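Data block below; observations after.
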Protein chains: 2
Amino acid sequence: MLSKKTKYAIKALVALGKNAGNPPMQIVRLAEQEMIPRKFLEQILLDMRNAGYLYSKKGAGGGYSLNKEPGDIYLADILRITDGPIAMVPCASLKFYRKCDECHDEITCGIRKTFIDVRDATLKVLAQTSIADVIARETDGNFRE
Amino acid sequence: MLSKKTKYAIKALVALGKNAGNPPMQIVRLAEQEMIPRKFLEQILLDMRNAGYLYSKKGAGGGYSLNKEPGDIYLADILRITDGPIAMVPCASLKFYRKCDECHDEITCGIRKTFIDVRDATLKVLAQTSIADVIARETDGNFRE
DNA sequence: TAAAAAGACTATAGAAGTAGTAGACTTTAT
DNA sequence: ATAAAGTCTACTACTTCTATAGTCTTTTTA
């Protein structure tokens with residue numbers, strides 16, 4: 001299950017994507033509009049900013065805006081920042097590989113092989129779906145390709 | 001991430017699958033062999049039994065054995081017993097559908113649409129991979145199709 | 001240049017979920 | 001009758017997730 005943190009992050013990016021072109025959006029406004037607890041959102045935006053996805057400006061007239069094109073921000077990358085690995089077992093993770101506690105022989109592990117397939121299937125969607133795609137799908141029923 | 005419960009469940013099913021034909025296997029032996037805490041395994045096996053996947057026999061000479069062919073036990077079903085929904089958001093779940101707290105308009109939700117795609121991709125693997133497949137993959141490098 | 005408007009950063013608390021343990025009970029074989 | 005199993009329920013410890021609080025820094029503008 002996605003954490004709320006991740007859901008909030010995606011929602012915030014979508015909102016900021018729609019806001020592109022306009023002056024930056026303040027945390028408070030974003031929090032109200034998307035119904036996200038303000039201080040929680042604050043942390044999330046910070047993470048996204050430190051990861052290079054957002055631009056922020058302090059002081060009066062400041063706020064947040066996207067630091068990349070909505071079409072260049074992929075869900076897979078966002079999930080990794082907020083929730084960590086995408087794979088369902090650490091030993092099948094591409095970016096957060098770790099040996100499973102329970103596992104003795106990784107090479108022949110049938111579970112691992114299966115969950116590498118799952119990971120690949122998941123990534124095929126998440127690494128190709130951008131914030132722009134999510135926005136596009138909000139309106140029309142179908143998109144992509 | 002898969003819970004340990006699920007990993008243990010799969011391991012137990014695989015072990016029992018390999019044991020098919022022989023007399024039933026006792027919890028204690030299974031726990032030792034697979035290095036799973038005994039009492040924890042006990043609960044897991046019970047769940048699997050109540051779901052119809054295992055046959056159990058009490059008393060001396062008792063133990064556990066599979067109640068189905070290894071080829072008829074699919075990972076998707078096991079995961080659902082031990083970890084619940086396979087989808088990453090409740091509103092995209094096939095078997096455990098629930099409205100997301102944060103969501104106002106599910107029909108146009110771009111996030112939901114994307115995660116339905118993810119769910120389908122995941123299920124394409126998990127609903128077609130059986131315990132028999134996992135066992136087969138343990139030995140040879142490739143299997144399936 | 002002071003005040004106000006914003007974000008940056010750290011710490012902490014409460015809730016929920018996960019992993020594991022304990023113990024008493026039931027059934028069955030010998 | 002006894003011992004060898006599984007059944008069932010409750011509980012505890014631990015970790016992670018969600019959220020909140022408070023202080024500090026930067027920037028604008030009157």
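What you are looking at is a predicted structure, and each value in this text was computed from that prediction instead of being measured. Keep in mind that the numbers below use all heavy atoms, side chains included, and drop hydrogens, waters and symmetry copies. So that the names make sense, note that chain A is the first sequence line, chain B the second, and so on, each numbered from 1.
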Non-hydrogen side-chain atoms of V118(A) and T129(B) separated by less than 4.5 Å:
no
Nearest-nucleotide pick for N50(B), side chain only, options being dC8(D), dT20(D), dA5(C):
dC8(D)
Take atom NZ of K57(A) and atom P of dA5(C), then tell me their distance rounded to the nearest Å.
16 Å
Would you kindly compare I27(B) and T6(A) by the position of their nearest DNA chain D nucleotide and give the one closer to the 5′ end?
I27(B)
Measure from the side chain of E42(B), starting at C-beta and using heavy atoms only, and say which of dG23(C), dA6(C), dT23(D) lies closest.
dG23(C)
Checking dG20(C), dT18(D), dA5(D) against the side chain of Q26(B) (C-beta onward), the nearest is dA5(D)
Residue pairs, two or more places apart or on separate chains, that pass side chain to side chain donor-acceptor pair (under 3.5 Å) and touch residues 50-74 of chain B
R49(B)-S56(B)
May I ask you to verify whether the side chain of Q43(A) and the base of dT20(D) hold a donor-acceptor pair under 3.5 Å?
yes
Of all the nucleotides listed (dT27(D), dG20(C), dT26(C)), which has the minimum atom distance to the side chain of K58(B)?
dT26(C)
Let me see the working for E138(A) and K18(A) under salt bridge (charged side-chain N to carboxylate O under 4.0 Å, His left out), right down to the final yes or no.
CA-CA 11 Å; E138(A) 278 189 17; K18(A) 290 181 186 164; 2.8 Å; yes
Can you measure K5(B) atom NZ to dT15(D) atom P for me and round it to whole angstrom units?
20 Å
Quick one: which of dA19(C), dA8(C), dA19(D) gets closest to the side chain of K39(A)?
dA8(C)
Once you round it to whole Å, what is the distance between C1' of dA4(D) and OH of Y64(B)?
15 Å
Could you tell me whether the side chains of T114(B) and D117(B) share a donor-acceptor contact shorter than 3.5 Å?
no
Mind checking R38(A) for me? I need base, sugar-phosphate or nothing, with any heavy atom below 4.0 Å counting as a touch.
nothing
Check the distance between dT18(D)'s C1' and D101(B)'s CG and give it to me in whole angstrom.
12 Å
Gap between atoms NZ and P, on K7(B) and dT18(C) respectively (whole Å):
14 Å
What closest approach, in Å, do V89(A) and C100(A) show between heavy atoms, and which atom pair accounts for it?
CB-SG, 4.3 Å
Nearest-angstrom distance from the residue atom CZ of F40(A) to C1' of dT12(C)
15 Å
With the side chain of S56(A) defined as its heavy atoms from C-beta on, choose the nearest nucleotide among dA8(C), dA11(C), dC8(D).
dA8(C)
Nearest whole angstrom, please: distance from the P of dA19(C) to the CE of M1(B).
12 Å
Can you find a side chain N or O atom of R49(A) that sits less than 4.0 Å from OP1 or OP2 on dG7(C)?
no
Over how many whole Å does the gap from L30(B) atom CG to dA4(D) atom P extend?
19 Å
Assign L45(A) to base, sugar-phosphate, or nothing according to its heavy-atom contacts below 4.0 angstrom with the strands shown.
nothing
Run the salt bridge (charged side-chain N to carboxylate O under 4.0 Å, His left out) check on K39(B) and E42(B) step by step: do they pass?
CA-CA 5 Å; K39(B) 291 299 260 180; E42(B) 213 170 293; 3.3 Å; yes
Between G61(B) and G61(A), which is nearer to the 5' end of DNA chain D once each is assigned its nearest nucleotide?
G61(B)
Which is true for M25(A) with a 4.0 Å heavy-atom rule: it touches a base, it touches only sugar-phosphate, or it touches nothing?
sugar-phosphate
Identify whether any heavy atom of Y8(B) sits under 4.0 Å from a base atom; if not, whether one sits that close to sugar-phosphate; answer base, sugar-phosphate or nothing.
sugar-phosphate
